[in-house]
Amino acid sequence: MSSISFGSSSAAIGLDIGTDHVRVAQVKPVGAGFELSGYGSVEIPMGAVVEGEIVDVDAVSSAIKELWRRSNVHGKNVAIGVANQKVIVRLIDLPFMERAELEGAIQYQAQDYIPMAVEESILDFQIIGDYMTPGDEHMMEVLLVAAHREMIGNAVAAVEGAGLKLTQIDVSSFAIVRALMGMGQPVLASSDDSAAIGVIHVSSGITNITVVDRGVPRFNRISSLAGNQFTQAIANVLNLTFDEAEALKVQVGLPDVESGVSDVPECVDPSLVQPVQDSLEREVNKFIAEVRRSLDYYLTQTAQVRTIQRILLTGSGAQLKNLAGYLEKGLQARVEVGDPFAFVKPSSAAQQVAIADRYGSVVAIGLAMGGLQS
Ligand SMILES: Nc1ncnc2c1ncn2[C@@H]1O[C@H](COP(=O)(O)OP(=O)(O)OP(=O)(O)O)[C@@H](O)[C@H]1O
Ligand SMILES: [Mg+2]
């Protein structure tokens, strides 16, 4: 039985360090639910975080300090998320053993499953369950997480450099799933939902693709095809600065995939609409192919599901006009926008900022929820 604390003042803080923004969410239990008591977001200088990895530790520390000055969060203990090419999540099948034995064995087993040297990695695992094979072998399913030690070291340094204490490191995709679908054991509340769900979180430097199957995130891939790449494509085609292309991307977006109708404000030069949409369409088609490859890969790895019919879409980049319609058509799946406030209700103090950033807030909220669990 998990316990619920009524009116407890205990709260957890999630800190999401991204390419464009650092975001913070403070969550506390209230009654039978949870409240987002504090929220904030500040911009990070370009180049300080590249494809989910911290490159300039000092710049990130300064941005975090600024975030604490500007948002109504209270406390120094934080949970952060990692999502980049140096953190790997794999679902593996091993002969059944007790947890204590697995703790010793995982060091030796892991190298077969991860493309990084085990000596340079920090390993963690979660036992998902056990089962009997048709040949009567007792097996277990283990979710293995490996993260590059140096990459984690930079994250720790950035947090400590801001005068905070890092109490938990989470995989960002787990946080996304937790925020959108709830938290239970081991990661999700309802494991009886037999249909696999794809979760796509598009931000600026990375897209996080996850498959949740039988209540557990069983697959995760990080792609660098994300918002910045869409912007860069427009900048290249029209020979514009990144900032000019960014503004056009947001204003023009894609047309409606069925009717071809666009929703473009009058201030935009009409001669630019077509080239912007053509380059966005090219990028989005690449994006769809990438997502499809990931989902297909997952489907070839499992005998349990044949298709993924439902997709939850989040992340600031998901606001690209008509992206959901393009994905729906391209992936032949129902695409819904994920709700970061499904399980955590913003307090009146946090409401305004959080709702304005509802697409971008998912990771920070999920990280804070994870911090409450432990
Ligand atoms: N209305 C909009 N239409 C299209 N794209 C948008 C819109 N609003 C924001 N974006 C895009 O979202 C991206 C910014 O996302 P966000 O701030 O969440 O990134 P991040 O979390 O800092 O980075 P990371 O990729 O490292 O997680 C940018 O590419 C931006 O262009
Ligand atoms: Mg992000």
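In listed order, ligands and their atoms are each counted from 1. Predicted, not measured: the structure shown is a model, and the values here were computed from it.
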| query | To the nearest 0.5 Å, how far apart are OG in Ser224 and CD in Gln85? | reply |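 It is 7.0 Å, given to the nearest 0.5 Å.
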| request: Nearest 0.5 Å please: distance from the CE atom of Met181 over to the CD1 atom of Ile176. | output: 12.0 Å
How about [X] and [Y]: does a side-chain donor come under 3.5 Å of a side-chain acceptor?
{"X": "Asn285", "Y": "Glu281", "result": "no"}
{"X": "Asn154", "Y": "Glu150", "result": "no"}
{"X": "Asp243", "Y": "Thr241", "result": "no"}

For [atom], find the nearest protein heavy atom and state the residue, atom name and distance (0.1 Å precision).
{"atom": "atom 26 (O) of ligand 1", "result": "Thr19 OG1, 2.5 Å"}
{"atom": "atom 24 (P) of ligand 1", "result": "Ser203 OG, 3.2 Å"}
{"atom": "atom 9 (C) of ligand 1", "result": "Ser316 O, 3.6 Å"}
{"atom": "atom 2 (C) of ligand 1", "result": "Gln319 CB, 3.6 Å"}
{"atom": "atom 5 (N) of ligand 1", "result": "Lys249 CE, 3.7 Å"}

| message | Looking at ligand 1, would Val49 count as a contact under a 4.0 Å heavy-atom criterion? | response |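 The answer is no, since Val49 has no heavy atom less than 4.0 Å from ligand 1.
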Based purely on interatomic distance, does [X] place a nitrogen or oxygen under 3.5 Å from a nitrogen or oxygen of ligand 1?
{"X": "Gly18", "answer": "no"}
{"X": "Gly205", "answer": "yes"}
{"X": "Asp20", "answer": "yes"}
{"X": "Gly317", "answer": "yes"}

| Should one rank His21, Arg23, Glu51 by closest heavy-atom distance to atom 21 (O) of ligand 1, which comes out on top? |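 It is Arg23 whose heavy atom sits nearest to atom 21 (O) of ligand 1.
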For [X], take its heavy atoms, then give the atoms of ligand 1 lying under 4.0 Å from any of them.
{"X": "Gly227", "result": "29 (O)"}
{"X": "Glu246", "result": "30 (C), 31 (O)"}
{"X": "Leu320", "result": "3 (N), 4 (C)"}

| field | Test item: Thr210 and Phe174 side chains (from C-beta on) under 4.5 Å apart, heavy atoms | value |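 The answer is no, as the side chains (C-beta and beyond) never meet within the 4.5 Å cut-off.
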| Mind checking whether Phe96 and His138 have parallel, tilted or perpendicular rings, split at 30° and 60°? |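 Parallel.
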| Side-chain ion pair, Lys321 and Asp256, N-O less than 4.0 Å |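 The answer is no: the pair does not qualify as a salt bridge.
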| task | Locate the shortest heavy-atom distance separating Gly161 from Lys65; write the atom from each residue and the value. | result |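 Minimum heavy-atom separation between Gly161 and Lys65: O-CE, 3.4 Å.
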